[in-house]
Amino acid sequence: MSSSVSDFIRNRIRDDIENEVVDGTIITRFPPEPNGYLHIGHAKSICLNFGVAEEFGGKTYLRFDDTNPLKESEEFVESIQQDVRWLGFDWEDRLTFASDYFDQLYSFAEQLIEKGRAFVCDLSAEEIRATRGTLTEPGSNSPFRDRTVKENLDLFRRMRAGEFDEGSRVLRARIDMRSPNIHLRDPVLYRIVHAEHHRTGDKWCIYPMYDFTHCICDALEGITHSLCTLEFEDNRPLYDWVLDNVSINFHPPQIEFSRLGLEFNVMSKRILTSLINAGHVEGWDDPRLPTISGLRRRGVPAEAIRDFCSRVGVTKQANLIETNLLDFCVRSTLEDTSPRAMAVVDPLPVTVINFEGEDVTLEAPNHPKNSELGKRELTFGRNLFIERSDFRESASKKQRKLTLNGLARLRYGFIVECVEVVKDGQGSPIELKVRYVPESRSGQDTSGLKPRSTLHWVSATNSISAKFRLFENLFNVREPGSGDPRDELNPTSRIEKDGLVERVVVDDDWERCQFERNGYFIKDLDSTPMKPVFNRIVPLSSGVH
RNA sequence: UGGGGUGUAGCCAAGCGGUAAGGCAGUGGGUUUUGAUCCCACCAUGCGCAGGUUCGAGUCCUGCCACCCCAGCCA
């Protein structure tokens, strides 16, 4: 029941329990609008809401805030549920929609009218804007502000009945056009939208606004702590006003925290959508995107995202988290559990000139520490491949390269000495001729040689060709989103390589694994039986600087 | 220039009047057949700035400065 995590929200809840300001269990909610896919910023909110409830023995609702039929769809409702579930959270039977409450919401609106706290306004959107005032000047009252209750009720019912055109009338709260808080200047509560709603169809042609809906839904569901992001701070007085002026005997406190910022990434649905539409990325699940579906396809485990969210913490401070923290979380959840294999992303052919006859079968553990992950066989023969970048004709002792006339250990195999470099017309190596040291076999090495580098490799007989996708930041500016995306995008955010992978990885359909020295990879859904495709989830951390 | 917020290390973040936790990053070292992992050590005389109160201030008071959010019939 007590938690190791501590932040101002959990402290507040702990106090509320102690001081008995809440009775019964803690109830939270995650309330997305189904107008896009979830991203890692939502994950922060999901981990907070579900996490808090879990820690205090409470419950969490998944509530879709579906009050704007123009932007919402079933596709998003489904993907959001999938993402929340994948992240490891369970709302059980507490799946709700703001649209479930449309009837109740409507009668609360009539209540407001009856109390003289709301009125039907015939001003156009432009006129409302013009009379709202500015940040420094007060607004002015609508000429329709003092209509009688009877007239307001009649008009509002006719709005609902579909007698009026979109934009011709709205229901407004009657608060204070001179309030320094612009949200309190007679905010719109209902607007006319003649559109099909993904759940309620054509039952309604008037739809409640967020400020009217959210607080009432919270109250009806008995949400004990309504957690939202900082930009809603100015909405809080309106949240409270609505609940104070409607007959509901429950009033959740709204508590705001700062949204997640991740450097070199954008969370804005608008920008994400435009990146997809402009073809800069391939869809909501592009592995370069910070969307949950993108991270999942990238290979990031849900556990790593949860760990990340907990390490980031919850405060009111604006933040821009470094990507290295996410990378760290990914590596540390993968380190102990991922089997190892070898893949050569950019192959350089190697001929073992003193090797004759049948291939030698070697054995390699699938994990250097965790023997439960088993072992596999490698075959060593005359034709091998190493990473092109692992060879240099000459290199300093610091650089762990195979050099001409130098030695290197082929991991779990033999020590080889490079005796000749075959080059193309441009002078770049196209083949290495090496001699292996027969008595240097891994595990029974009697050669006495101590080469300073160990290289990963594959043999022609036990590898198959594969595509590797290596990712970098999608953007090359820390805080993108302000300029033209084309100037901010990283042109090398996705690099594709044709290489080779140990065939056991494909044959046995390994899920995620570490290709030694290259990073953690996962098989992508673009794979075909002939050509597997691997996404690099994250490279290994590099000790060289 | 109105209102609402936020300022503690490169990035996060504890701290609740008693002498600056922790994580990531970084640096140095050890182990290592992955430049991985793991282990050890180092990393703020300093808490936006300036005053004040106090035996004692990141914590209280006053003034200033910087940054973020708000003028949708979006959420």
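Hydrogens, waters and symmetry mates are skipped; everything else that's a heavy atom, side chains included, is used. The chains referred to below are lettered A, B, ... by the order of the sequence lines, with proteins before strands, and numbering in each begins at 1.
- Using a 4.0 Å heavy-atom cutoff across all strands shown, A/Gly443 reaches at least one base atom of the nucleic acid.
- Within the 4.0 Å cut-off from OP1 or OP2 of B/G35, at least one side-chain nitrogen or oxygen of A/Arg517 is found.
- If you check every strand for non-hydrogen atoms under 4.0 Å, A/Met342 touches nothing.
- In this structure, A/Leu262 atom CG and B/C11 atom P are separated by 15 Å, rounded to whole Å.
- Residue contacts for A/Tyr190: at a heavy-atom cut-off of 4.0 Å it reaches no nucleic acid atom on any strand shown.
- In this structure, B/U33 makes no Watson-Crick or G-U wobble pair, since no nucleotide meets both defining distances under 3.5 angstrom.
- The base of B/G5 has none of its N or O atoms less than 3.5 Å from a complementary donor or acceptor on the side chain of A/Glu256.
- At the heavy-atom level, A/Ser442 lies under 4.0 Å from base atoms of the strands shown.
- Using a 30° and 60° split on the angle between ring planes, A/Trp284 and A/Tyr37 fall in the parallel class, below 30°.
- As rounded to the nearest Å, B/G30 and B/A36 have P atoms that lie 13 Å from one another.
- The 5' end of RNA chain B is approached more closely, in terms of each residue's nearest nucleotide, by A/Gln514 than by the other of A/Glu72 and A/Gln514.
- Contact annotation: A/Thr315 reaches the phosphate of B/A13 (side-chain N/O to OP1 or OP2, under 4.0 Å).
- Side-chain contact between A/Tyr239 and A/Pro252 is present, with heavy atoms from C-beta onward closer than 4.5 Å.
- OP1 or OP2 of B/G72 sits under 4.0 Å from a side-chain N or O of A/Arg129.
- The distance between atom CD of A/Glu335 and atom C1' of B/U34, rounded to the nearest whole Å, is 10 Å.
- Closest contact between the side chain of A/Leu135 and the listed nucleotides B/C12, B/A71, B/A36 involves B/A71.
- B/U8 and B/U45 have their P atoms separated by 15 Å, given to the nearest Å.
- A donor N or O paired with an acceptor N or O is found under 3.5 Å between the base of B/U37 and the side-chain atoms of A/Lys369.
- For the pair A/Ser258 and B/G5, the criterion of a side-chain N or O lying under 4.0 Å from OP1 or OP2 is not met.
- Relative ring orientation between A/Trp204 and A/Phe102 is described as perpendicular, the plane-to-plane angle rising above 60° on a 0-90° scale split at 30° and 60°.
- Straight-line distance from the CG atom of A/Asn181 to the C1' atom of B/A71: 11 Å, rounded to whole Å.
- One can place CD of A/Gln254 at 12 Å from C1' of B/G4, the figure rounded to the nearest angstrom.
- Looking at A/Asp211 and A/Asn235, their side chains do bring a donor and an acceptor atom within 3.5 Å of each other.
- No N or O donor and acceptor, one from the side chain of A/Arg331 and one from the base of B/U37, sit under 3.5 Å apart.
- At the phosphate of B/C74, OP1 or OP2 sits under 4.0 Å from a side-chain N or O atom of A/Arg191.
- Looking at heavy-atom distances under 4.0 Å, A/Ile321 makes contact with sugar-phosphate atoms alone, never a base.
- Per the geometry, CE belonging to A/Met209 stands 15 Å off P belonging to B/C70, to the nearest Å.
- Atoms CG (A/Leu402) and P (B/G35) sit 14 Å apart, rounded to a whole Å.
- The partner of B/C67 is B/G5, by the rule that a Watson-Crick or G-U pair needs both atom distances under 3.5 Å.
- The 5' end of RNA chain B is approached more closely, in terms of each residue's nearest nucleotide, by A/Pro368 than by the other of A/Pro368 and A/Phe232.
- If you check the side chains of A/Glu221 and A/Tyr61, you find no donor sitting under 3.5 Å from an acceptor.
- For the pair A/Asp445 and A/Ile415, the minimum side-chain heavy-atom distance is below 4.5 Å.
- Taking atom P in both B/A14 and B/C60, the straight-line distance is 16 Å, to the nearest Å.
- Residue contacts for A/Asn235: at a heavy-atom cut-off of 4.0 Å it reaches a base atom on one of the strands shown.
- Out of B/G3, B/C69, B/U33, the shortest distance to the side chain of A/Glu231 is found at B/C69.
- Contact check for A/Arg376 versus A/Asn366: side-chain heavy atoms found under the 4.5 Å cut-off.
- Contact annotation: A/Ser541 reaches the phosphate of B/U37 (side-chain N/O to OP1 or OP2, under 4.0 Å).
- We find that CG of A/Asp327 is positioned 13 Å from C1' of B/C11, with the value rounded to whole Å.
- At a threshold of 4.0 angstrom between heavy atoms, the contacts of A/Arg411 include nucleobase atoms, whether or not backbone atoms are also involved.
- Atom P of B/C61 sits at a distance of 36 Å from the matching atom of B/C24, rounded to the whole Å.
- Of all nucleotides listed (B/U33, B/G35, B/C74), B/C74 comes nearest to the side chain of A/Glu33.
- Side-chain contact, A/His456 with A/Arg411: no donor N or O sits under 3.5 Å from an acceptor N or O.
- For A/Asp65, the side-chain atoms get nearest to B/A75 when compared with the rest of B/A75, B/A36, B/A25.
- Regarding contacts with the backbone of B/G72, every side-chain N or O of A/Arg185 stays at 4.0 angstrom or more from both OP1 and OP2.
- You'll find the side chain of A/Cys205 stays beyond 4.5 Å of the side chain of A/Arg160, heavy atoms only.
- Looking at heavy-atom distances under 4.0 Å, A/Leu70 makes no contact with the nucleic acid at all.
- Of the charged side-chain nitrogens involved, at least one lies within less than 4.0 Å of a carboxylate oxygen, so that A/Arg199 and A/Asp100 count as a salt-bridged pair.
- Within 4.0 Å of A/Val170, counting heavy atoms only, lies at least one base atom of the nucleic acid.
- For B/U45, there is no paired nucleotide, since no Watson-Crick or G-U wobble pair has both relevant distances below 3.5 Å.
- The side chain of A/Gln399 places no N or O atom within less than 4.0 Å of a non-bridging phosphate oxygen (OP1 or OP2) of B/G35.
- Not one side-chain nitrogen or oxygen of A/Gln317 sits closer than 4.0 Å to the OP1 or OP2 atom of B/U6.
- Anti is the glycosidic conformation of B/G4, whose angle departs from 0 by more than 90°.
- Within the 4.0 angstrom heavy-atom criterion, only backbone atoms of the sugar-phosphate kind lie near A/Leu325; the bases stay farther away.
- Annotation: B/C43 and B/C11 have their C1' atoms spaced 15 Å apart (nearest Å).
- Across all strands shown, A/Asn68 has heavy atoms under 4.0 Å from sugar-phosphate atoms exclusively, and none from any base.
- A/Gly167 comes within contact range of at least one nucleobase, with a heavy-atom separation under 4.0 Å.
- Across the protein-nucleic acid pair, A/Arg478 atom CZ and B/G10 atom P stand 12 Å apart, rounded to whole Å.
- A distance of about 24 Å separates the C1' atoms of B/C67 and B/A25, rounded to the whole Å.
- For the C1' atom pair drawn from B/C70 and B/A13, the interatomic distance equals 28 Å after rounding to whole Å.
- Spacing between B/G52 and B/C47 at atom P, rounded to whole Å, works out to 16 Å.
- The residue A/His183 sits close only to the backbone: its heavy atoms come under 4.0 Å of sugar-phosphate atoms, none of a base.
- Residue A/Arg311 is classed as a sugar-phosphate contact, given heavy-atom separations below 4.0 Å to backbone atoms only.
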